[in-house]
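Okay, structure first, notes after.
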Number of protein chains: 2
Amino acid sequence: MTKATYSISELANEFGVSNRTIRYYEEKGLVQPRRVGQKRIYSAADRVRIKLILRGKRIGMTLKESVEIIDLYDPEHNNEEQLHSLINSVRDKRRRLLQQQQDINDMLRGLDEVESLCQQALSSQHLSRS
Amino acid sequence: MTKATYSISELANEFGVSNRTIRYYEEKGLVQPRRVGQKRIYSAADRVRIKLILRGKRIGMTLKESVEIIDLYDPEHNNEEQLHSLINSVRDKRRRLLQQQQDINDMLRGLDEVESLCQQALSSQHLSRS
DNA sequence: TTAGACGTTTACGTTAACGTAAACCTTGCT
DNA sequence: AGCAAGGTTTACGTTAACGTAAACGTCTAA
């Protein structure tokens, strides 16, 4: 059962960030939790937004970029022109992500190579010792 | 035929960054070009280092992290202990990269979904018009 | 020989994304 | 009543990764 509401510390702990970080996201308009008294109460939707923002961060997006992507999902887009421009921006994002995929694959191959060289070096050391 | 040396502007233009950026990388010890008079002369190896640094940047690594990865390639690692710690750090990097791959794939799927919704919206508009 | 293109150093300015500290509520134990 | 655990606001501090401006050298084509 997925909880309906969360305190700030619950989310901070879940995602491994500080409370300050989450408040900062609110300062920047990335989330708008309800208030009860003066305490912030986060909904499941708020939680997802934060999660997506942090996913963006992991792959090197700025907060603004993450929000741009998240906002692609909400249907404020009615007329044909808006839809076309939305499609274009989707394609832009996709291009960058594909480039990143390429970069990551290149790096992974590099790491594979390094590791296998290490293994070789280790095994040859062991051989010369016996 | 791959050039042997490059001026700072040549590299800056090739990679789409400013001269200042490249000098900054030198300030931070990421490259050490030769000097002729007081002008900087970059070797093919310098060029590759810069390229790798920028690749790291694209996927959200700090300069320090990029250098860490680049330095995995050079063979300063002799004894068994160093080799093992090197292997461990390779595995750490790999873990992060795999997570990033996952994140990017998730985002790409999201974008696919958004685009196809747009297409549907557009085609239904066109239908209702005819 | 002088203007323009390219390079240099020095140094202060800027932005994003928080960290950190102080001073203050509120709530539930004990 | 008192206090510890959570929350709050306000506001200044910090770091990375450059941008930008000033003031200067050097070479070369007109």
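So you know, we letter chains A, B, ... as the sequences are listed, proteins then strands, and number each from 1. For clarity, every value in this text was computed on a predicted model and none was experimentally measured.
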Residues at least two apart in sequence or cross-chain that pass side chain to side chain donor-acceptor pair (under 3.5 Å) with B:Ser7, listed by chain then number, are none

Quick one: is B:Thr21 getting a side-chain N or O under 4.0 Å of the D:dA17 phosphate, OP1 or OP2?
no

List in chain and number order the residues that pass salt bridge (Lys or Arg N to Asp or Glu O under 4.0 Å) with B:Glu14, two or more places apart in sequence or in another chain; answer none if no residue qualifies.
B:Arg47

Salt bridge between B:Arg95 and B:Asp92, side-chain N to carboxylate O under 4.0 Å?
yes

Please check if atom CD in B:Glu27 has more than 12 non-hydrogen atoms from other residues, nucleotides or ligands closer than 6.0 Å.
yes

A:Tyr24 has an atom OH; how far is it from atom P of C:dA16, in whole Å?
7 Å

Is A:Tyr25 near enough to C:dC18 that one of its side-chain N or O atoms lies under 4.0 angstrom from OP1 or OP2?
yes

Charged N to carboxylate O below 4.0 Å: is that the case for A:Glu65 and A:Lys93?
no

Whole-Å distance, B:Asn13 CG to C:dA5 P, equals 15 Å

All N/O donor-acceptor pairs, side-chain side in residues 48-58 of chain B, below 3.5 Å, sequence neighbours left out:
unit_1, atom_1, unit_2, atom_2, d
B:Arg49, NE, B:Leu30, O, 2.8
B:Arg49, NH2, B:Leu30, O, 3.4
B:Arg58, NE, A:Asp103, OD2, 2.6
B:Arg58, NH2, A:Asp103, OD1, 2.8
B:Arg58, NH2, A:Asp103, OD2, 3.3

Treat primed atoms plus P, OP1 and OP2 as sugar-phosphate and everything else as base, then score nucleotides 7-13 of chain C 5' to 3': B for base contact with protein heavy atoms under 4.0 Å, S for sugar-phosphate contact only, - for none.
SBB----

Going by number, which of residues 55-73 of chain A have a non-hydrogen atom under 4.0 Å from DNA chain C?
A:Lys57, A:Thr62, A:Leu63

Quick one, B:Tyr42 and B:Thr5 - any side-chain contact, counting heavy atoms below 4.5 Å?
no

Please tabulate, for side-chain N and O atoms in residues 32-41 of chain A, each donor-acceptor pair with protein atoms closer than 3.5 Å (sequence neighbours left out).
unit_1, atom_1, unit_2, atom_2, d
A:Arg35, NH1, A:Gln38, O, 2.9
A:Arg35, NH2, A:Glu26, OE2, 3.3
A:Arg40, NE, A:Glu26, OE1, 2.5

